[in-house]
Protein chains: 2
Amino acid sequence: MLSTVTTPTSPADAAVLDALAPEGGRPDGGSDAAETAVRIMVAAADAFAERGFSATTTRDIASRAGLSPAGVYVHFASKEVLLFELSRRGHLRARDLLVAAARDAADPTEALRAIIGGFSRWHAEHHQLGRIVQFEFRHLGPEHQEQVLDLRREIDGVVADVLAAGVASGEFDVEDVRGTALALLSTAIDVARWYSPGQRRTPESIERLYGELAVRLVRRHAG
Amino acid sequence: MLSTVTTPTSPADAAVLDALAPEGGRPDGGSDAAETAVRIMVAAADAFAERGFSATTTRDIASRAGLSPAGVYVHFASKEVLLFELSRRGHLRARDLLVAAARDAADPTEALRAIIGGFSRWHAEHHQLGRIVQFEFRHLGPEHQEQVLDLRREIDGVVADVLAAGVASGEFDVEDVRGTALALLSTAIDVARWYSPGQRRTPESIERLYGELAVRLVRRHAG
DNA sequence: CCTGTGACTAAGCGCTTGCTTAGTGTCGCG
DNA sequence: CGCGACACTAAGCAAGCGCTTAGTCACAGG
């Protein structure tokens, strides 16, 4: 809702760590260098989501990660590079989620429900990372913006493809495919802005509602 | 005028000025003090929308407004107060727009089309102010946040009321009124994030599409 | 003419910023 | 043991920050 207050995000959610950790399961404890890098990323994700990129100091990130201010620079060349790494990993995870959901669905209707519901749920569960991904984009340097834009175009493409497939099969009745895709993505993305944990709506209920609304929006009107 | 070098205020849209200027028409030229205050607000809106609140310096605002750094403080007590004034005026205009659109509509269907279409168009035309209103909220002090929240609750209420009226009249088929209102507001709000002038989509086409999508989303399914 | 008012500037204060430098402690390996 | 590699810290630098202070200037009222 418009009136939802953005509460300070609680530190070090398992969800954030989950979305940042490397692909394969850790064999034992993991190397200390890589572990520290992840701890810095989690700390930065917390701080950026709570205060925004520009209002976050490197000292704040360092102390949340249990390091001295200089310790961050052993693992990341600058605050901007740290933002880019968070943004890149966040986009990758979100894209993989969408691609898998679209691939596994039986028909365009179920595909649309799965991708919009899933994307909405992702922005709730990973609302810290989601905020960074969606709202701190402008603080990336030009070449990092370009790399992120490539990933965004992939995400847009998945949604547009599902809509086009539904129109082709006759399940959907959509005049403006790209405009409708834009509106659907907006509902999911905006979840990251208003969601905060511990409120009435859960990621699961958001997934259900938003998946259903997406299907309602595009279905052929039998009347 | 790319070649215009000496203009202190860069983009300074008429749209921004329009949304910030005082209610009544100016009798003659307007007092110089009030005029300067508006010039500062326009400069700050430009800068906040472009770089974000924290990345904007008071020196940047001052130079865009053609003043020395100290000149800003004659009219505004602090950078935060300036943000609040922009946020407050932006919310007021948006609220007035919604209330008027809902009041003037013939039935709930047309009311919904008017408020969601109009709100979307507003976020395109005033995308600078829209970004500040929607995305810089957290940089307000606690009591200023509270004042803005009151306005947001009014805006939420207008949408929920229209949906409830449509359900009552039988025009709409909506299971979760507040959840659907949330999703509809999200599409409109998110326009401020992605819109930029000079692209293919115009504020008018956005108004038409998003108004129509809103109606599609809630209409009774005759099948 | 003098005086008061108020918009505005030049200069700068105290502090914080992102990041660097020089050095410390601990480790694996020969 | 010695040695290099490397994660990490203490201290600090240059630059920039929000905002203040002391004063200038144009002008209205008398």
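Convention: sequence-line order gives letters A, B, ...; per-chain numbering from 1.
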Next on the checklist: Quick check for you: to the nearest 0.5 Å, what is the distance between Ile132(A) atom CD1 and Glu85(A) atom CD?
Outcome noted: 12.5 Å
Checklist entry - Around atom CZ of Arg39(A), are there more than 12 heavy atoms of other residues, nucleotides or ligands at under 6.0 Å? => result yes
Item to check | Nucleic acid footprint by protein, nucleotides 22-28 of chain D - heavy-atom cut-off 4.0 Å, B for base, S for sugar-phosphate alone | outcome: -------
Checklist entry - So Phe119(B) and His123(B), would you call those rings parallel, tilted or perpendicular, with 30° and 60° as cut-offs? => result perpendicular
Item to check | Gap separating the CG atom of Leu129(A) from the CE atom of Met41(A), nearest 0.5 angstrom | outcome: 10.0 Å
Item to check | With Phe135(B), the ring-ring contact (aromatic ring centres under 6.0 Å, His included) member among Trp194(A), Phe135(A), Phe137(A) | outcome: Phe135(A)
Item to check | Asp156(B)/Arg153(B) ion pair, N-O < 4.0 Å | outcome: no
Checklist entry - Step by step, would you call Glu154(A) with His91(A) a side chain to side chain donor-acceptor pair (under 3.5 Å)? => result CA-CA 10 Å; Glu154(A) 283 189 61; His91(A) 275 93; over 6 Å; no
Checklist entry - Between NE2 of His139(A) and NE2 of His144(A), what distance do you get to the nearest 0.5 Å? => result 15.5 Å
Next on the checklist: Across nucleotides 9-21 of chain C, 5' to 3', mark each nucleotide with B, S or - according to how protein heavy atoms within less than 4.0 Å reach it.
Outcome noted: BB-B----BBBBB
Checklist entry - Can you find a side chain N or O atom of Thr36(A) that sits less than 4.0 Å from OP1 or OP2 on dA7(D)? => result no
